[in-house]
**Q** 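One structure, as structure tokens, below. Some questions next.
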Amino acid sequence: MSSTPVRIGMLGGTFDPVHLGHLRSAVEVREALKLDRLHMIPAPQPPLRDTPQVSPKQRFELLTLGISDTPGVVADDRELRREGPSYSVDTLAELRQAYGDSARLVMIIGFDAFLRLAKWHKASQIFSLANLVVIARPGYNAPLPEALRELVGDREVDTVDELMKSPNGNVLTLALPSMMAISATYIRERLEKGKSVRYLLPEAVEEAILRHGFYHCDE
């Protein structure tokens with residue numbers, strides 16, 4: 001049995017719908033961090049938006065189709081099965097319990113989400129459960145909000161090796177090679193207008209969306 005701690009990633013999102021930008025990022029993050037497993041976890045309800053057409057269960061099914069047999073990446077519906085509000089800190093606590101105290105557990109978030117981190121539910125507890133990897137936003141160099149700087153403190157590290165020295169508590173900003181600028185909003189708008197979304201989505205996801213009529217505009 002190997003004494004090397006397992007490396008586990010959590011990548012949450014609405015995935016409404018999952019697209020090639022999401023999936024390419026997942027693959028590149030897994031490679032960069034040398035993760036044994038990356039859990040892609042859909043959130044039950046997209047914030048500030050009603051989604052009458054596509055249920056959380058259907059979004060999860062599209063995610064499963066999109067991931068297909070991608071090595072080391074799994075579709076995880078634990079937040080959809082949970083009663084009440086779904087908070088990242090609760091999901092991290094479940095993953096920590098599942099993988100043990102020595103596992104290198106990493107929550108991966110985009111830069112825009114990182115800017116709002118201080119407002120998250122029990123934000124300070126996140127660092128007692130996991131490390132944090134922030135996907136860099138090219139060209140952004142403005143100072144971080146004060147509350148966020150206080151929350152992060154001296155947790156920032158510069159390399160993956162430094163990040164992985166501890167099971168939790170570190171923060172790393174990571175630039176991905178591809179940075180595919182694909183927007184789920186743009187995809188939904190095109191689908192609503194009946195326009196092509198070819199090469200924005202995995203083929204199996206596109207086929208399922210068109211077959212079920214997801215995101216189309218009911219006239």
**Q** So, does Asn131 use its side chain to make a donor-acceptor pair with the main chain of Asn170 at under 3.5 Å?
**A** yes

**Q** Would you please name every residue forming a side chain to side chain donor-acceptor pair (under 3.5 Å) with Lys57, sequence neighbours left out?
**A**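 Per chain and number, Lys57 pairs via side chain to side chain donor-acceptor pair (under 3.5 Å) with Glu61.
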
**Q** Which atom pair, heavy atoms only, marks the closest approach of Pro42 to Arg59?
**A** CB-NH1, 4.2 Å

**Q** Just how far is it from atom CG of Asp16 to atom NE2 of His22, taken to the nearest 0.5 Å?
**A** 9.0 Å

**Q** Does some side-chain heavy atom of Phe214 sit less than 4.5 Å from a side-chain heavy atom of Leu191?
**A**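 No, too far: nothing below the 4.5 Å cut-off.
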
**Q** Has Arg155 got a side-chain atom pairing as donor or acceptor with Val171's backbone, closer than 3.5 angstrom?
**A** no

**Q** Could you tell me if the side chain of Leu163 sits less than 4.5 Å from the side chain of Val133, heavy atoms only?
**A** yes

**Q** How many angstroms lie between atom CG of Leu80 and atom OG of Ser86, to the nearest 0.5 angstrom?
**A** 8.0 Å

**Q** I'd like to check Leu151 versus Ser124 (side-chain heavy atoms, cut-off strictly below 4.5 Å). Are they in contact?
**A** yes

**Q** Tell me whether Leu95 shares a hydrophobic cluster with Val74, the cluster being built from Ile, Leu, Val, Met, Phe, Trp, Tyr side chains joined at under 4.5 Å.
**A**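 Hydrophobic grouping puts Leu95 apart from Val74.
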
**Q** Looking only at non-hydrogen atoms, find the nearest pair between Ala136 and Ala175 and report the distance.
**A**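 Where Ala136 meets Ala175 most closely, the heavy atoms are CB-CA, 4.1 Å.
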
**Q** Can you measure from OG1 (Thr4) to NZ (Lys34) and round to the nearest 0.5 angstrom?
**A** 12.5 Å

**Q** One pair to check against side chain to side chain donor-acceptor pair (under 3.5 Å): Thr159 and Glu162. What are the steps and the verdict?
**A** CA-CA 5 Å; Thr159 67; Glu162 287 178 87; 3.2 Å; yes

**Q** Has the side chain of Glu150 got a donor or acceptor atom that lies under 3.5 Å from a matching backbone atom of Ala147?
**A**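 Looks like no, no N/O pair under 3.5 Å.
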
**Q** Just so I know, are the side chains of Met10 and Thr91 near enough to count as touching, which here means a heavy-atom distance under 4.5 Å?
**A** yes

**Q** How about OH on Tyr186, more than 12 heavy atoms from neighbouring residues, nucleotides or ligands closer than 6.0 Å, or not?
**A**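 Counting neighbours around OH of Tyr186, 12 or fewer heavy atoms of other residues, nucleotides or ligands fall under 6.0 Å, so no.
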
**Q** Looking at every non-hydrogen atom in both residues, tell me the closest pair between Ile108 and Leu38 and how far apart they are.
**A**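 Shortest heavy-atom separation between Ile108 and Leu38 comes out as CD1-CD1, 3.7 Å.
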
**Q** Let's go through Tyr215 and Arg190 carefully: what are the C-alpha distance in whole Å and the side-chain angles of both, what is the deciding distance for side chain to side chain donor-acceptor pair (under 3.5 Å) to 0.1 Å, and is it a yes or a no?
**A** CA-CA 9 Å; Tyr215 304 107; Arg190 291 189 67 83; over 6 Å; no

**Q** Side chain of Arg96, backbone of Asp101: donor and acceptor closer than 3.5 Å?
**A**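 Checking the backbone N and O of Asp101 against the side chain of Arg96, a donor-acceptor pair under 3.5 Å is found.
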
**Q** With side chain to side chain contact (heavy atoms under 4.5 Å, CB included) as the criterion, how do Leu23 and Ile67 come out once you've worked through the C-alpha distance, each side chain's angles and the decisive distance to 0.1 Å?
**A** CA-CA 7 Å; Leu23 295 165; Ile67 292 172; 3.9 Å; yes

**Q** For the atom pair CD1 (Ile209) and CZ (Arg211), what is the distance rounded to the nearest 0.5 Å?
**A** 10.5 Å

**Q** For Thr185, is there any backbone N or O sitting under 3.5 Å from a side-chain donor or acceptor partner on Ser183?
**A** yes

**Q** Classify the ring geometry of His121 against Tyr87: parallel below 30°, tilted from 30° to 60°, perpendicular beyond 60°.
**A**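 It falls in the parallel class, under 30°.
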
**Q** Heavy-atom count around Glu203 CD within 6.0 Å, excluding the residue itself: above 12?
**A** no

**Q** Any chance you could lay out the side chain to side chain contact (heavy atoms under 4.5 Å, CB included) test for Leu92 and Ile126, step after step, and finish with the verdict?
**A** CA-CA 7 Å; Leu92 289 170; Ile126 288 170; 3.8 Å; yes

**Q** Please report the C-alpha distance between Leu33 and Arg7 in whole Å, then the side-chain angles of each, then the deciding distance to 0.1 Å, and finally whether the side chain to side chain contact (heavy atoms under 4.5 Å, CB included) criterion is met.
**A** CA-CA 8 Å; Leu33 301 180; Arg7 297 185 177 195; 5.5 Å; no

**Q** Give a yes or no on whether the backbone of Leu35 and the side-chain of Arg104 come within a donor-acceptor separation of less than 3.5 Å.
**A** no

**Q** Using the rule that two of Ile, Leu, Val, Met, Phe, Trp, Tyr join whenever any of their side-chain heavy atoms come within less than 4.5 Å, decide whether Ile135 and Ile182 are in one cluster.
**A**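 Same hydrophobic cluster.
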
**Q** Applying side chain to side chain donor-acceptor pair (under 3.5 Å), can you list everything that pairs with Arg149, at least two apart in sequence or on another chain?
**A** none

**Q** Looking at Ser178 and Met180, would you say the former's side chain and the latter's main chain have a donor-acceptor pair under 3.5 Å?
**A**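 Flag not set: sc Ser178 to bb Met180 has no pair under 3.5 Å.
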
**Q** Could you tell me whether the side chain of Asp36 and the main chain of Ile8 form a donor-acceptor pair under 3.5 Å?
**A** no

**Q** Give the minimum heavy-atom separation between Glu206 and Arg198, together with the two atoms involved.
**A**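 Closest approach of Glu206 to Arg198, heavy atoms only: OE1-NE, 3.1 Å.
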
**Q** Cluster question for you: counting only ILVMFWY and a side-chain heavy-atom cut-off of under 4.5 Å, with indirect links fine, are Ile109 and Val89 together?
**A** yes

**Q** Would you call Arg24 and Glu28 a salt bridge, taking side-chain N to carboxylate O under 4.0 Å as the test?
**A**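 Yes, Arg24 and Glu28 are salt-bridged.
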
**Q** Using the ring centroid of each side chain, check whether Tyr199 and His19 are separated by less than 6.0 Å.
**A** no

**Q** Starting at CZ of Phe15, measure out to CG of Leu63 and round the result to the nearest 0.5 Å.
**A** 6.0 Å

**Q** So which heavy atom on Pro44 is nearest to which on Pro56, and how close?
**A** O-CG, 3.1 Å

**Q** Hey, are the side chains of Leu172 and Val160 touching, using non-hydrogen atoms and a 4.5 Å cut-off?
**A** yes

**Q** Can you give me the closest heavy-atom contact between Pro17 and Leu201, atom names plus distance?
**A**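 Of all heavy-atom pairs spanning Pro17 and Leu201, the closest is CG-CD2, 4.0 Å.
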
**Q** Do the non-hydrogen side-chain atoms of Leu144 and Val152 ever get within less than 4.5 Å of each other?
**A**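 They are not in side-chain contact.
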
**Q** If you apply the rule side chain to side chain contact (heavy atoms under 4.5 Å, CB included), what do you find for His39 with Leu11, and how did you get there?
**A** CA-CA 6 Å; His39 292 253; Leu11 178 60; over 6 Å; no

**Q** Can you list everything that forms a side chain to side chain donor-acceptor pair (under 3.5 Å) with Asp112? Sequence neighbours excluded, please.
**A** Arg137

**Q** Do Phe60 and Leu62 share a hydrophobic cluster, counting only Ile, Leu, Val, Met, Phe, Trp and Tyr and linking them when any side-chain heavy atoms are less than 4.5 Å apart?
**A**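 Per the 4.5 Å side-chain linkage, Phe60 and Leu62 are not co-clustered.
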
**Q** Any non-hydrogen side-chain atom of Leu105 less than 4.5 Å from a side-chain atom of Pro167?
**A** no

**Q** Less than 4.5 Å apart, any side-chain heavy atom of Met164 and any of Val106?
**A**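 The answer is yes, as the side chains (C-beta and beyond) meet within the 4.5 Å cut-off.
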
**Q** May I ask you to decide if Gln58's main-chain N or O and Ser55's side chain share a donor-acceptor pair within less than 3.5 Å?
**A**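 Here the side-chain-to-backbone pair exists.
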
**Q** Determine, for Glu94 against Arg82, whether the closest basic-nitrogen to carboxylate-oxygen distance falls under 4.0 angstrom.
**A** yes

**Q** Once rounded to the nearest 0.5 Å, what's the spacing between atom CG of Leu148 and atom CG of Leu117?
**A** 6.0 Å

**Q** Are Leu20 and Val27 connected into the same hydrophobic cluster when the rule is that any two of I, L, V, M, F, W, Y join if their side-chain heavy atoms are below 4.5 Å apart?
**A** no

